[in-house]
Amino acid sequence: MVLFKAKFSFQRRVKLAQTLWLLSWLSVLVGCLTFGMGIFLKVQLWIHNEVMEITSAHAVPNTVITAGLVGILLGIYAGKVSQASMDVTKYQRWKSFMMPFFFLAILSCLVCLAALVLSVALRGTLEESLKIGLKNAIRFYKDTDTPGRCYQKRSMDKLQMDFQCCGNNHPKDWFEVQWISNRYLDFSSKEVKDRIKSNVDGRYLMDSVPFSCCNPSSPRPCIQMQITNNSAHYSYNYQSDELNIWVRGCREALLSYYTGIMATNGAAVTLSFLLQASVLVSLRYLHTSMDKISGPDDMEADTEGFILEKGVTETMNTTLEKMKGLFMSNQVETAEGGGEAAAAS
């Protein structure tokens with residue numbers, strides 16, 4: 001049973017070839033956009049790699065980059081075929097590459113769908129990765145002399161200033177860790193001794209945040225020390241006054257940022273998928289309608305085109321049989337070659 005059969009006159013084939021040419025180059029442009037968006041997301045994930053615990057989120061840009069690159073190559077190929085279809089002699093050179101092209105085009109569409117699924121499925125993984133990574137970044141903020149952690153302070157400060165955030169979930173996350181190194185504490189001071197003794201773990205904890213949490217738009221000088229102590233500051237009420245530090249957590253800020261980029265990637269991949277599917281269908285119609293043309297004299301003859309010559313199940317079975325036969329023939333040739341080599345020795 002032939003699926004989606006259509007009749008094509010010479011004029012319709014010309015219009016089909018022109019439409020295919022236009023769709024092919026649009027697919028190339030969108031493929032370049034998708035490839036660029038994938039690279040951008042990859043770079044952004046790499047920049048903030050220090051505040052991420054799990055790297056599985058990189059599967060999203062890797063898939064988007066692959067989808068974009070394959071879309072570019074397939075678009076260029078389809079554009080060449082559409083031009084060659086106007087000349088039977090030139091078209092015959094491309095005819096033998098049609099089946100591999102259709103296989104790769106279907107595979108490319110599946111890669112696009114995989115990129116869309118991963119963009120949604122890995123959001124939870126990305127959030128968990130940021131939660132653990134930011135927690136460790138805050139804990140190791142003070143370890144500027146420790147190999148492997150010496151840039152953690154700079155990274156965290158830059159992150160909080162760039163994304164206008166503070167802490168993991170909120171500024172109080174800094175209250176729960178000692179973020180000032182012991183080398184900068186005066187252990188002869190009674191205040192330092194009392195604060196360390198008051199903590200079970202012997203840590204120097206404060207209701208304070210690093211300078212990078214300060215909001216420069218606030219008219220009041222930044223209150224970053226003794227934030228919860230109303231008596232330490234003039235005309236200040238911790239409960240009612242608007243704090244002049246960032247109150248949004250960095251996990252929320254980063255997640256919102258990456259979700260936006262992934263949404264843009266998703267839009268580019270969706271457009272690429274639609275264009276590649278259109279190119280695939282158009283080229284299939286052009287290929288099947290050109291099959292009956294054997295020479296220049298038949299160019300103006302009416303022909304029929306279709307998507308599948310048989311049903312979906314029959315087509316899949318036939319394709320699998322062909323692939324199995326090809327695999328078996330390669331095995332036989334390899335065995336014969338080995339036997340001849342053994343006989344010669």
Side-chain angles (χ1 to χ4, degrees), residues 1-35 63-64 66-88 90-117 266-293 298-299 301-320 322-323:
M1 177 185 175
V2 178
L3 292 180
F4 305 107
K5 185 168 65 174
K7 288 187 176 181
F8 289 91
S9 62
F10 174 69
Q11 288 77 14
R12 283 195 70 187
R13 283 199 304 274
V14 171
K15 287 182 180 178
L16 179 61
Q18 290 173 341
T19 303
L20 176 60
W21 182 87
L22 180 61
L23 288 172
S24 300
W25 290 107
L26 280 175
S27 180
V28 170
L29 290 176
V30 174
C32 291
L33 174 65
T34 305
F35 180 79
T63 312
V64 172
T66 303
L69 187 59
V70 174
I72 293 169
L73 297 176
L74 294 181
I76 292 172
Y77 175 85
K80 295 290 184 181
V81 172
S82 65
Q83 287 180 311
S85 64
M86 295 296 97
D87 188 331
V88 179
K90 290 181 180 178
Y91 180 74
Q92 293 300 325
R93 301 176 201 164
W94 298 92
K95 201 171 180 180
S96 58
F97 299 103
M98 285 299 181
M99 291 311 295
F101 171 83
F102 290 132
F103 176 76
L104 288 174
I106 293 171
L107 189 63
S108 177
C109 289
L110 292 176
V111 170
C112 289
L113 290 175
L116 289 173
V117 171
V269 170
T270 302
L271 184 58
S272 180
F273 170 78
L274 293 174
L275 283 171
Q276 287 183 42
S278 301
V279 168
L280 177 61
V281 171
S282 301
L283 188 57
R284 179 60 177 168
Y285 272 123
L286 184 63
H287 170 59
T288 52
S289 64
M290 291 287 291
D291 263 354
K292 305 295 182 183
I293 299 174
D298 301 328
M299 278 297 292
D302 292 349
T303 56
E304 290 184 346
F306 50 83
I307 299 297
L308 293 177
E309 191 173 3
K310 303 175 184 177
V312 177
T313 307
E314 294 177 68
T315 303
M316 290 180 66
N317 290 334
T318 304
T319 305
L320 289 172
K322 285 182 179 179
M323 291 177 66

Student: Taking all heavy atoms of A78 and all of V279, pick out the closest pair and write down the distance.
Tutor: CB-CG1, 3.5 Å
Student: Does V81 reach the side chain of L283, with side-chain heavy atoms less than 4.5 Å apart?
Tutor: yes
Student: Can you list the residues that meet the ring-ring contact (aromatic ring centres under 6.0 Å, His included) rule with F35, with sequence neighbours excluded?
Tutor: none
Student: Write out all pairs satisfying side chain to side chain donor-acceptor pair (under 3.5 Å) with one or both partners inside residues 268-281, taking only residues at least two apart or from two chains.
Tutor: S108-Q276, S272-Q276
Student: Please output the side-chain donor-acceptor pairs of residues 19-32 that fall under 3.5 Å, not counting sequence neighbours, one pair per line with the distance.
Tutor:
residue	atom	partner	partner atom	Å
T19	OG1	K15	O	2.8
S24	OG	L20	O	2.6
S24	OG	G79	N	3.4

Student: Given the rule in the side chain to side chain contact (heavy atoms under 4.5 Å, CB included) test, do R284 and L280 qualify, once you have shown the distances and angles that lead to the verdict?
Tutor: CA-CA 6 Å; R284 179 60 177 168; L280 177 61; 5.6 Å; no
Student: Walk me through it: do V70 and L104 pass the test side chain to side chain contact (heavy atoms under 4.5 Å, CB included)?
Tutor: CA-CA 8 Å; V70 174; L104 288 174; 5.7 Å; no
Student: Which heavy-atom pair separates A115 from V64 by the least distance, and what is that distance?
Tutor: CB-CG2, 4.0 Å
Student: Out of curiosity, L74 CG to F102 CZ, how far, rounded to the nearest 0.5 Å?
Tutor: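 Going from the CG atom of L74 to the CZ atom of F102 covers 11.0 Å.
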